Amino acid sequence: MPSKRKASDIVDLSPSKRVALSKSNAAGHDTPSRQTRSAKQSTATTTSTTTPKVRRTYGKKVEKAAEALQEVVNAVPDRMDDKSCTEPEADLPVPSPTKTRRRKKLAHTQDSPSKKRPKRTMATKEPDTEPPVTPSRVKRTYTRKLVVEVPAPPSPIPVQLVPSEPCNFPATPQKSKTTSNTRQSPLKRQSLLTSKHLPPQFYPCLNAQKRVILQTLHAPSALFSVEEDGNEKTAKKLLLDLLQGTVTRSEGNSCLLLGPRGSGKSTVRRAKVIAQLELTLLPQILDQCLDALPEPPIIIRLSGWIHHTDRLAMREIAYQLGQQTGKSFLQVDDDGEEDPFIEQDDNPFLDRPNPQATETGLVLPPPSHLPALISVIPTLSRPTVVILDAFDLFALHPRQALLYCLLDTVQGYRTGMDNKGLAVVGITTRIDTINLLEKRVKSRFSGRVIRTTGISATADILSLAKRALCTPISSVAEDEDLVNEWNDSWLKQTSECLEDKEVFDMMKDTVGVVKDPKLVFRTLVYMAARLSPTSPFLTPSMFSRAVTSQRSRPPLYDSLDLPYPALCLLISAVHSMTSGHDVFTFEMLFATFRNQLRASMAAPVQVNGGSIGMVRCSRAVLLSAFEHLISSRIFVAAAAPSNSIAKEFSRYRMVLEREDVRRVVEKAGQVTLKKWLYKAE
Amino acid sequence: MEATVSGYDDFIQEVETLISTYPPPFIYVYDPISLRTTSTVLTKAISGIRDNSTDSGIEIYHVHVDAVTCFSQRLLFDTIINPLRSIDPDSDLSERWNDSWDSFLHGIRHLNDRRRRETQKDVRFIISIEQVQRLKEKLPDSIIPLSRLNELSQVDIAVIFVSQTQWQDIKPTLGASPEPYYIDVKPLTKSDIITTLSSRFASISTQAQASSSKYAHCYDPSLSQLYGHYISMICEVCFPFIHDIDELAYIAAARWPGFIKPLLNSSGTDTDASVVAPSEDTRLRLIRAFTPSVTNALEALHPRLMNAVDWAAANEPDPNTLSQLHALFQSPTTKPFILVASYIASTNPAKTDLRMFGRGLDEKKRRRRTMKGQIKQKVPQHLLGPNPFPLDRMIAILGALLEENDVDSRLPNPELAIPGEYTDMEITRVGIHSAIMELVSMHFLLRTSPVDRIDGPPMFKSAISQDTALALAKQLDVPLNDLLWETT
């Protein structure tokens, strides 16, 4: 009987109509499962409120049954009605405030409040009833019905349900944590995934969901901070202690943050220095500051990737100091804090409260100014944190002068003096960075190495992924029910997808390849960006596509859709390799092609009026195909290009392997080309 | 710029979703086939987002840079910064943020702050760089900072690399750059291309009418349907050879005026109102008549041997032109002989000269090398390219050629009675040397030794192709194939 169900129908139906439909439904066939249902309905009417716990255990069992039935359903060949049924039941599970509200709403529209429950459950499935049903469909209808009914009834497990479980019940392990979410999932999967299109009223929900996921993945530090890994915590604490010492007690500190890529080094840095430091240190700074403004430390960020020399780094230090002290200089104008700057007006690095002054072109300070510049830092009005990204590259600078000066200043700090603190934080991925330091620099370095670790267990990654993907959307727009419905079904679908064996294996592989959560995030971004009304939920196949695209990059030949002349050249190149010439010129390839063309033209066989020989192709067209192959780096130059060598005589070699060429040619599917290629083997 | 390209829907959707929400800081778009189309689509998609997102809380600014033009760091910085700067007119141009990465980042930060203050919205910069493989060649140091621009600049910025090569071909060593978010562009199918090109007719038509170019009458709106058929014909012929939509559009544009001409002629004089869509029969006849010429168009236009306008002009009458090069040597001078001699000198090994040109010896010794029976075949020299030769050797070969083929055409000179004496005199004339230098300046010969070297004979290399050499030899009646050491 459930033949055509559309979400819009469900939504649009008036309550009275729903009642009518449900009645007609109830008047239908009498089978055990139907009896079960009606029994359940009656129980539902009696006990309107139940403890969540009872409900959950109940739901687990039922889910098993439902899943088993789902298997049966899936075994049946696809039907039209599979696609059209959608998820009006999404709001059924755990009673939430909004749900009760809705219930009330329904109740108001009805005459008798006592009938609340049955009506509601009926309302979820009523549109099944319209057309006459063929016997073959009846069975499936029952399965679905059963599932529909499941969440509603509260207390003890109906005995009738157990016999309805098929004996070939697949032992799919379900985590107890998620079962509560996936109680209705079989139907959900059936209805939402097979539905060709998302009902239009959910479009804003889908968009909001995408947005939320992308937002979470964009700034994943929130995810990490939730997850208080043991190591992470100690790393955080250590760094925080150190920075606190610098800010509050004016200590000179130095440390090295060491960890693989994506292990949260920068995240630790950013989260801590900016957010936590300000928060935790707010009271002290408040005490210090007369005007009760929180005063963050001066932060100087340098990166080894762009500061290739110490002089560039010095210039940038001077600039950043000027920017930051210039600002504070203006803020605390009356406090007399500007004294150090006025006194040292002759110092070329301090006299720039005005940032314009620094924009005078690339005038690098002489190296001799370095000690002067660094020694100014302790005299500033605020503590300073120097962050050296890609610390190992700074160690490669000649004489490591910058590091020496910084670390020497740090080491020379004495507390109790008028100085403000200085902390030098190096960030690197290179394990032997300390060994790179010269002896005099190493002895000035405190030797503190704070290690961060990547994520090692697949389960961690999975939970991370789940947390990222299952961020619920807050009310996007008008309809709160809609949002809740969406959130529920999204949660179900996603956790189901993540629990899939295939997905788990792929995650495991991913973590096995690189222990970099960023990679996982990229795959998730790929999936999230591709959600659309036609495929609104995550699926394992989508996941595998994402992994192919982001982790194990498709090999070159996969993306190649080469035209005929390029294919000819590739095959010629294979022939040239077969005859022992890995390095070839265009002329060689062209000669091979010409001979092959001549050979294939020799026998003028025609099939169905068309020649089966190779297609003729002019030399100029081949040459431009050759150039295209060069520019897409399939042919790479084997000798340095020279002015005196004509382009058809420059030597190249092919990047593709023989096997790759075979695949490309087979993908193109031209018989003559295939035959020609096989001649080379 | 152009109407939408069908087949890019997935790409556009992905880009729009990402850019309008939270773009990954570093994106790599890979398209091995039609890069230009992709970057056009990308630019259009982003500008579309800009237009649509005016009411949302974010302001998006997009800069598209072609790395071909950025061959120095300053140029790179300027091409990125200047469009961003021009969005607000009252910025002072005295500040140049182009001297180092630091100042570039300062500039980015400054502009970002400024825009944010003015618009009171979040500001996002999108920088897309086309043909990134050029950066690898010219500015290899810039790839790492560009890929890390987001974290270096600490503002909301996304960098998109658009390239024909894979990321693994240009990525810096030691994992210095973060891995990008990959977007692979699917190649366009034939039907996509046909749809796209046909749908462009409307915009071409309005443009042509508006600009009243000389082809305006060819793009009358009533011909739209015929144009669709015409495009499918073009794609039918050319798609196996070219998959790039731009190239196909180029060929289509070149052939269309000629294709439509019979129709326009038959329909009357120049009253464009009378242009009517042709009947089915006419259409079929037209297409059948023009299909062969499309192949010619492909062969001439795809390698850009000619430009579209010239080709269209040249192909209106029956194309019956001779190759330009051959016309150059119509006059009987010594230059063709020099070229043939240089070709022989470049192709044959020096020690075979005596065998090939020696006179009076046993003809049997003139055995030529055959390609049979060798395990690893040696590649013939004419496929590997010309070898350099000393001038003396070429002059000697020239003498042999002249003695064989040119003696009879000379005026009789009784003073030079000894056989070969006349030729000896001919080849030592200063005219020969000046002709050689002239050929060098025309790049038919290449001088491989430095000009200022005086010890030893100057070295040259032939720069004509085998086809040209054979054509010249035929013109001179020289049996060139017999004089080459290696059989072809």
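Just the heavy atoms: all of them, side chains too, but no hydrogens, waters or symmetry mates, feed the values below. Note on naming: letters A, B, ... go to the chains in the order of the sequence lines (proteins, then strands), and numbering restarts at 1 for each one. Note that this is a predicted model, so its numbers are computed, not measured.
- Taking Q164(B), H243(B), E14(B) one by one and counting their heavy-atom pairs under 4.5 Å with chain A, the maximum is reached by H243(B).
- Atom NZ of K186(B) has 12 or fewer neighbouring heavy atoms from other residues, nucleotides or ligands inside a 6.0 Å radius.
- Put simply, CD on E316(A) and CG on D102(B) are 3.5 Å apart, with the number rounded to the nearest 0.5 Å.
- Proximity of E247(B) to S624(A): side-chain heavy atoms (C-beta onward) are nowhere separated by under 4.5 Å.
- By the 6.0 Å contact criterion, CZ on R594(A) is enclosed, its count of non-hydrogen atoms from other residues, nucleotides or ligands being greater than 12.
- Atom CD of Q466(B) and atom CD of E587(A) lie 7.5 Å apart (nearest 0.5 Å).
- For the pair R211(A) (side chain) and T21(B) (backbone), a donor-acceptor distance under 3.5 Å is absent.
- C568(A) contributes atom SG, which lies 8.5 Å from atom CZ of F241(B) (distance to the nearest 0.5 angstrom).
- When heavy atoms are compared at a cutoff of 4.5 Å, P180(B) approaches chain A solely by way of its backbone atoms N, CA, C and O.
- Counting non-hydrogen atoms of neighbouring residues, nucleotides and ligands closer than 6.0 angstrom, the CZ atom of R134(B) reaches no more than 12 such neighbours.
- Remark: R301(A) does not engage E151(B) in a salt bridge, criterion side-chain N to carboxylate O under 4.0 Å.
- Only the side chain of V615(A) comes within contact range of chain B, with heavy atoms under 4.5 Å apart.
- With a 4.5 Å cut-off on non-hydrogen atoms, R148(B) touches chain A through its side chain but not through its backbone.
- A pairwise comparison of heavy atoms in H382(B) and F649(A) identifies O-CE2, 3.4 Å as the closest pair.
- A distance-only check finds a donor-acceptor pair linking the side chain of Q550(A) to the backbone of Y182(B) [under 3.5 Å].
- With a threshold of 4.5 angstrom between heavy atoms, L622(A) does not approach chain B through any atom at all.
- With values rounded to the nearest 0.5 angstrom, R619(A) atom CZ is found 13.0 Å from E299(B) atom CD.
- When heavy atoms are compared at a cutoff of 4.5 Å, A646(A) does not approach chain B at all.
- Counting heavy-atom pairs under 4.5 Å between each of E648(A), R522(A), Q670(A) and chain B puts R522(A) at the top.
- A donor-acceptor distance shorter than 3.5 angstrom exists from the side chain of H628(A) to the backbone of P32(B), with no hydrogens or angles considered.
- Shortest non-hydrogen contact noted between I242(B) and P563(A) is N-CB, 3.9 Å.
- A donor-acceptor pair under 3.5 Å is formed between the side chain of T585(A) and the backbone N or O of L383(B).
- Among residues two or more places apart in sequence or in another chain, the salt bridge (charged side-chain N to carboxylate O under 4.0 Å, His left out) test is passed with R651(A) by none.
- Residues L214(A) and T17(B) have side chains in contact (heavy-atom distance under 4.5 Å, counting atoms from C-beta outward).
- The most heavy-atom pairs under 4.5 Å with chain A, out of I144(B), L35(B), L384(B), come from L384(B).
- One finds the OG atom of S631(A) at 8.0 Å from the CD atom of Q131(B) (value rounded to the nearest 0.5 Å).
- If you take CG on L519(A) and OH on Y181(B), they are separated by 12.5 Å, rounding to the nearest 0.5 Å.
- L105(B) places a side-chain heavy atom less than 4.5 Å from the side chain of I306(A).
- Partners of Y526(A) by ring-ring contact (aromatic ring centres under 6.0 Å, His included), not counting sequence neighbours: none found.
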